[in-house]
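Reading through the structure tokens given below for one structure.
What you see below is based on every heavy atom in this structure, not just the backbone, and it leaves out hydrogens, waters and symmetry mates.
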Amino acid sequence: MADAIDRFMEEIEPYLIEQRRKRHRYPEIGFAEYVTTYELSVQLAGTEWALYFGTDLLKSDERMGVPDDQFLEQQERRALDYGVPGEFMQRMKGGHTGLAAVLDTGRPGPNFAYRFDIDALPIDEDATSQHVPAELAFRSQVPGMMHACGHDGHAAIGLGLARYLASEKDNLRGTYTILFQPAEEGGRGAKAIVEKGWLNHTDYFLSGHVGIHDLPSGTVAAATSRFLASSKLNATFTGKSAHSGLEPNAGRNALLAGASAALHLHGIARHKDGATRVNVGTFQAGTGRNIVADQALMEIETRGETNALDEYMQENALRILKASAAMHGVELEVEHMGRAVSADADLEFAKTVERACATSQLNIVPHLPIGASEDVTYMMERVRKQGGQATFMIFASPLPAGHHHPRFDYEEQALSAGLETLIRTTNHLLKEDGKHERVAD
């Protein structure tokens, strides 16, 4: 016989799909998720959840890589045109996006927190019929932006969890906080939430990611290993322009400085102690073929299997950037745009997830490697330092194309698998916590 969770999952599935596709049609990149934040609040308005956003959610000066004012103002006008109320927009002005929803049962019990990232990527989505969102008419409607990493699904799972917890409020104890986080891409948003204090008293922290591994839907990793620490840098080279034919000797070529840096950055020796990465993602320089380039901008990232390994890559990257600038006689400015720290999987907590889902049809595996970076690690580390427990799961799915690709997609059954895992784990933890309380009494 189906239990209450099975019945809830059957009823909620159409809502998860609807919300995922709605988010997918209207993607927004980090710190510009104005419409997304508002529409999430609409879904939760008038319910048991208390909502917090703007500077109530984020410590403003802890945000990293905030887009420039011109871009933000453009996106704010777009959101107003979409229909976001002016009063709501005023609270988010200047890139203060994201939302926290809190359910306080009024009864003593543990503090639960859940994180769902909501930002998209600056990618043009594939429009061919082989791409399911295009075929089923929920492809991105925003030029140059796409949910190419599954965060549309994460937002939908968060809303589904909010519905479940609100419906069960009379049977719950403690406090439940759902964090809809802006600007995960580039490791820019989590730290501002952490430093605001949202996770200072959390007993159990649960989060996860759709996709990552090309496995059948319904496969869930109870914990994630091999998080890479990462640093995001913008390097600006400033030289002197000159006529390239008349007096090239009068110029100082920022383009050549940047090109030299790009080549040598990729030559940094990899470290014997673990995985290390470096990537020059963008390089923009020059204004014309007959002008010695006076400006060059590079967007760079480093990664390491540990914080120390990422620091090794970052130190060498800075050394090469400075040497390249000096070699061509140009000025260098380096801006730190984002960071994610490394974290270890908590395999003991993973066993809790396995026990919680033992009677379900889910295929729970102890852990899977992520092999990438995630700023959720800031949240996990804060919870652990305060004595709480934290895990980050993977809700696997067959993947027709990799993450951050114009044809990225996943099976929507993975959303149900993720939500069911979070619900069953929450109920199990609440039950076990209650047993401990009775023993203590």
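- Although no hydrogens or angles enter the test, the distance criterion places a donor-acceptor pair under 3.5 Å between the side chain of E33 and the main chain of F31.
- With a 6.0 Å radius and a threshold of 12 heavy atoms from other residues, nucleotides or ligands, H213 has its NE2 atom above the threshold.
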Under the side chain to side chain donor-acceptor pair (under 3.5 Å) criterion, do E411 and S217 qualify, and how do the steps go? CA-CA 7 Å; E411 289 185 353; S217 295; 2.8 Å; yes
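- Here CD of E420 is found 4.0 Å from CG of L362. Values are rounded to the nearest 0.5 Å.
- Here N363 pairs with T219, V365 under the side chain to side chain contact (heavy atoms under 4.5 Å, CB included) rule; sequence neighbours left out.
- Looking only at distances, no side-chain donor or acceptor of T276 sits under 3.5 Å from a matching main-chain atom of G304.
- Shortest non-hydrogen contact noted between F408 and M146 is O-CE, 3.7 Å.
- R407 places no side-chain N or O within donor-acceptor distance of the main-chain N or O of A401, the cut-off being under 3.5 Å.
- Inspection of the H96 and S60 side chains reveals an N or O donor paired with an N or O acceptor under 3.5 Å.
- With D117 contributing its side chain and Q181 its backbone, the two residues share no donor-acceptor pair below 3.5 Å.
- With sequence neighbours excluded, the residues forming a side-chain hydrogen bond (donor to acceptor under 3.5 Å, both in side chains) with H131 are E125, listed by chain and number.
- The local environment of NE2 in H428 is crowded, with over 12 non-hydrogen atoms from other residues, nucleotides or ligands closer than 6.0 Å.
- For N307, the CG atom is densely surrounded, since the number of other residues' heavy atoms within 6.0 Å is greater than 12.
- Aromatic ring centres of F88 and F53: separated by under 6.0 Å.
- N253 is not listed as a side-chain neighbour of F237, based on a closest heavy-atom distance of 4.5 Å or more.
- Among L199, T377, T202, the single residue meeting the side chain to side chain contact (heavy atoms under 4.5 Å, CB included) criterion with R382 is L199.
- Of all non-hydrogen atoms in C149 and L121, the two that sit nearest each other are CB-CD1, 4.1 Å.
- Checking side-chain atoms of N234 against main-chain N and O of E335 turns up no donor-acceptor pair under 3.5 Å.
- Checked by atom type and distance alone, the side chain of T37 pairs as donor or acceptor with a backbone atom of G98 at under 3.5 Å.
- Under a 4.0 Å N-O distance rule, the pair E28/R78 qualifies as a salt bridge.
- Using a 4.0 Å cut-off between charged side-chain N and carboxylate O, R21 and E412 make a salt bridge.
- Using a 4.5 Å cut-off on side-chain heavy atoms (C-beta onward), R252 and E331 make no contact.
- In this structure a side-chain-to-backbone donor-acceptor pair under 3.5 Å is present from H271 to D273.
- Looking only at side-chain heavy atoms (C-beta outward), E184 and V376 stay at 4.5 Å or farther from each other.
- In terms of modelled atom types and a separation under 3.5 Å, the side chain of D203 and the main chain of G388 share no donor-acceptor contact.
- Looking at heavy atoms from C-beta onward, L72 lies in side-chain contact with E76 at the 4.5 angstrom threshold.
- Test Q19, K22, H24 against D152 for side chain to side chain donor-acceptor pair (under 3.5 Å) and you get one pass: H24.
- Just one residue in the list Y38, Y34, Y82 forms a ring pair (Phe, Tyr, Trp, His ring centres under 6.0 Å) with Y26, and that residue is Y82.
- Side chain of T391 to main chain of A350: no donor-acceptor pair is present (N/O by atom type, distance under 3.5 Å, no hydrogens or angles).
- Nearest heavy-atom pair, L399 versus D409, reported as atom, atom and distance to 0.1 Å: CD2-O, 3.5 Å.
- V292 has its side chain out of reach of K240: every pair of non-hydrogen atoms, C-beta onward, lies at least 4.5 Å apart.
- Geometrically, R384 does not engage F349 in a cation-pi contact, judged by NZ or CZ lying under 6.0 Å from the ring centre and within 45° of the ring axis.
- The closest side-chain donor-acceptor pair between T426 and Y114 falls under 3.5 angstrom.
- No side-chain N or O of Y378 forms a donor-acceptor pair with one of E62 less than 3.5 Å apart.
- The neighbour count for E87 CD, taken as heavy atoms of other residues, nucleotides or ligands under 6.0 Å away, does not exceed 12.
- Defined by atom type and a distance below 3.5 Å, a donor-acceptor pair is present between the side-chain atoms of T302 and D310.
- Without hydrogens or angle criteria, N290 side chain to G245 main chain gives no donor-acceptor distance under 3.5 Å.
- The distance from the CD1 atom of I29 to the NE2 atom of H151 is 13.5 Å, given to the nearest 0.5 Å.
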